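Only this structure's heavy atoms are used, side chains among them; waters, hydrogens and symmetry mates stay out. All chains are named by letter (A, B, ...) in the order of the sequence lines, taking the proteins before the strands, and each is independently numbered beginning at 1. Just so it is clear, the structure is predicted and the values come from calculations on it, not from any experiment.
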Number of protein chains: 2
Amino acid sequence: MENSRPSSKRFLDIVSDLRTIIKEEGAVIGDKLPSERVLADRLQVGRSTIREALRSLELLGLIETRRGEGTFLADYKKHQLVEILSTFIMQNPQSFKSVDETRRIHERAAIECISNDPERRTLPVWESFLEKLKGIEPIIREELLQEIVVVSENRLSLKIWFLLKQYSRAPFHETMAEDEKEVASNLLKEMMNGNSQLAVMRYADWLDIVNGERRDEHEC
Amino acid sequence: MENSRPSSKRFLDIVSDLRTIIKEEGAVIGDKLPSERVLADRLQVGRSTIREALRSLELLGLIETRRGEGTFLADYKKHQLVEILSTFIMQNPQSFKSVDETRRIHERAAIECISNDPERRTLPVWESFLEKLKGIEPIIREELLQEIVVVSENRLSLKIWFLLKQYSRAPFHETMAEDEKEVASNLLKEMMNGNSQLAVMRYADWLDIVNGERRDEHEC
DNA sequence: TAAAGGATAGTGGTCTGACCACTTTATAAT
DNA sequence: ATTATAAAGTGGTCAGACCACTATCCTTTA
C-alpha cells in the first residue's frame with residue numbers, strides 16, 4: 001500500500017523533472033539543455049533513464065538533439081510526430097466524430113475571429129484565394145482552412161487544429177470540386193465583408209458539400 | 001552523402017519497425033507485444049534502443065507496459081498527447097492569452113451546440129441553475145460553464161476544456177457577484193429559448209463583467 | 001484427486017561501463 | 001596570426017548485470 005512516491009515509472013518522473021529544470025533555468029526555444037551525463041548526475045539516475053525521457057520528448061517534437069552538439073529546446077513548429085501517431089491511434093469509431101467536431105469548432109472560431117477584425121479580414125491573401133478559386137487549377141481544401149486558422153493567430157488553437165487534422169478522416173486533403181469553389185468563395189467574401197454570421201453559414205454550406213448529405217443527425 | 005537509409009536516429013527507425021510488426025501480426029488493442037529482449041533480437045539492435053522507442057510510444061499513450069507482464073497495445077481513449085503538448089507550450093507568457101481564448105472558443109461552441117438542440121436546451125438542469133441564480137447562495141462561475149461543456153457531449157472538447165481550465169489565469173473558480181448572476185441568467189434563458197446568437201452575446205457580456213473592461217484590443 | 005505452496009522462468013525497470021561518430025574547443029606547429 | 005592537430009565534450013548504441021514483479025509449472029499436502 002505504498003503511496004507511490006516513486007511513480008514506478010522513473011522516466012515519467014524525469015520527464016516532469018526536465019520540465020522543471022527548463023522552467024527554472026528560463027530556457028527559451030533554441031537554448032541548450034544540460035548534457036545527458038550532467039542530467040543523470042544531477043537527477044541521480046542512470047543515463048539510460050535520462051535518455052528514455054529525452055527520446056520521448058524528442059518524438060513529441062519538444063526537443064531536438066544534434067549528435068556531438070547537444071540537446072536543444074525545439075522550435076515546436078514540426079508536427080512530424082503526428083504522422084506516426086495517426087497510423088496507430090484511434091480506430092475507435094466514436095472518437096472520429098469528436099475529432100471532426102472539435103476541428104470544426106476551431107475552424108468556425110477562426111472564421112468568426114477574422115471576420116470581426118478589420119485588419120485581418122482585409123488581408124491580401126484572401127483576394128489571392130478568391131482569384132485562385134476562380135481559376136481551374138486544383139486547390140486542396142485544407143490549404144484554405146489552414147490559412148484561416150493561421151491568420152486567426154491563436155497559436156494554441158492552431159496547434160490543436162494541426163493535431164486534429166491528422167486524425168480526421170474527413171477528406172480535407174483532397175482537391176476542391178468546381179461547384180465547391182463557389183461556396184468557398186462565398187465564405188471568403190462574407191468574411192472579408194465582416195459578416196461573421198453569414199460567413200459561418202457559408203462554412204456550414206461548404207461542410208454539407210464536402211461531407212455529402214449525411215449530416216442529418218449531428219449539428220453541433 | 002549517404003542516402004540516409006539508417007536515419008542517424010536508430011530509435012526512430014525502431015518506432016517505424018514496431019508499427020510494421022504490429023501491423024503484420026494484426027495486433028489489436030490489449031494484445032501483448034513481443035518482449036523487449038525478443039524485439040531487440042529480432043530487429044538486431046540493443047535492448048536500450050528498443051526501450052527508447054517503446055518509452056516514446058508509451059508517453060504518447062500508444063502502448064502500455066506492466067512490469068513483470070509485458071507490453072501491450074494501449075486502449076487509447078485518452079488524448080493525452082494534447083495534454084503533454086500543452087503543458088510544455090505553457091512556458092511562454094504569450095500562451096496564456098491563447099489558453100484563455102481557446103477555452104472561450106470551446107465554451108462558445110458548447111453554448112451554440114446546446115441552443116440549437118431542442119433536446120438539450122430544455123434539460124431540467126438549466127431550470128435548476130436559474131433557480132440557484134435567483135438565490136443568494138454562492139455559485140462558482142465554472143460550475144455553470146462546466147455543465148454547459150459537459151452537456152454539449154463532445155468528449156474531446158470536454159477534455160480540452162478541462163485541460164485549459166487548469167492553465168487559465170481567468171478567475172473562473174471564484175464565486176459570482178450578484179449583478180453577475182443576472183447576466184448569467186440571461187445567457188441561460190436565451191440558450192433555453194434556442195436563440196444561439198443571443199446566447200453567445202450574453203456570454204460575451206458575462207466575460208466583460210468577469211474580466212473587467214480590459215477587453216479592448218482582443219476580441220476573438 | 002484437488003488444493004496449496006514454493007521454486008523457476010520471463011518481463012519490464014534501472015544502472016554501469018564501454019565504445020563509436022561527430023562537433024567544439026584548446027593546443028601546438030608553422 | 002594562421003593553420004593543423006589533439007583533446008574534450010556530446011549524443012548514439014551496445015552488452016551485461018541486477019532488481020522487482022508476474023505468471024507458470026511442479027512439488028507437496030490435505
Looking across every strand, which nucleic acid part, if any, lies under 4.0 Å from A:S48 by heavy atom: base, sugar-phosphate, or nothing? base
Of all heavy-atom pairs linking A:W161 and A:E107, the shortest is NE1-OE2, 2.9 Å
Heavy-atom nearest pair, A:P34 first then A:L39, reads O-CD1, 3.6 Å
Tell me if a side-chain donor or acceptor on B:R120 pairs with a main-chain N or O of B:S152 at a distance below 3.5 Å. yes
Has the side chain of A:Q44 got a donor or acceptor atom that lies under 3.5 Å from a matching backbone atom of A:D41? yes
Measure from [atom1] on [X] to [atom2] on [N] and round the result to the nearest Å.
{"X": "B:I63", "N": "C:dT11", "atom1": "CD1", "atom2": "P", "value": "15 Å"}
{"X": "A:F72", "N": "D:dG11", "atom1": "CZ", "atom2": "C1'", "value": "10 Å"}
{"X": "A:E52", "N": "D:dG11", "atom1": "CD", "atom2": "P", "value": "16 Å"}
{"X": "A:I50", "N": "D:dG11", "atom1": "CD1", "atom2": "P", "value": "11 Å"}
{"X": "A:K32", "N": "C:dT24", "atom1": "NZ", "atom2": "C1'", "value": "10 Å"}
{"X": "B:D41", "N": "C:dT11", "atom1": "CG", "atom2": "C1'", "value": "16 Å"}
{"X": "A:R51", "N": "D:dT10", "atom1": "CZ", "atom2": "C1'", "value": "10 Å"}
{"X": "A:L54", "N": "D:dG12", "atom1": "CG", "atom2": "C1'", "value": "12 Å"}

Each nucleotide N or O in nucleotides 19-23 of chain D that has a protein N or O under 3.5 Å away: list the pair and distance.
none

[N] phosphate, OP1 or OP2: any side-chain N/O from [X] under 4.0 angstrom?
{"X": "A:S35", "N": "D:dT10", "result": "yes"}
{"X": "B:T71", "N": "C:dT11", "result": "no"}
{"X": "A:T65", "N": "D:dG12", "result": "yes"}
{"X": "B:T49", "N": "D:dT13", "result": "no"}

Rounded to the nearest 0.5 Å, the CG atom of B:L187 sits from the CD1 atom of B:I148 at a distance of 5.0 Å
Close side-chain approach of A:E112 to A:V200, heavy-atom, < 4.5 Å: yes
Please lay out, stage by stage, how B:N154 and A:I105 fare under the test side chain to side chain contact (heavy atoms under 4.5 Å, CB included). CA-CA 11 Å; B:N154 180 329; A:I105 286 175; 4.3 Å; yes
Considering only C:dG13, C:dT14, D:dG11, which nucleotide approaches the side chain of B:E36 most closely? C:dG13
Taking the side chain of B:R55 as its heavy atoms from C-beta onward, which of D:dG12, C:dG13, C:dC15 lies nearest to it? C:dG13
Classify the side chain of B:R47 versus the base of C:dG13 as yes if they form a donor-acceptor pair under 3.5 Å and no if they do not. yes
In this structure, are over 12 heavy atoms from other groups packed under 6.0 Å from A:E178 atom CD? yes
Protein and nucleotides 6-9 of chain C: nitrogen or oxygen contacts under 3.5 angstrom:
none

So, are A:R55 and A:E52 salt-bridged, with charged N and O less than 4.0 Å apart? no
Quiz item: cation-pi between B:R66 and B:F72, 6.0 Å / 45°: yes
Starting at the 5' end of DNA chain D and moving along, which residue's nearest nucleotide shows up first, B:G46 or A:L33? A:L33
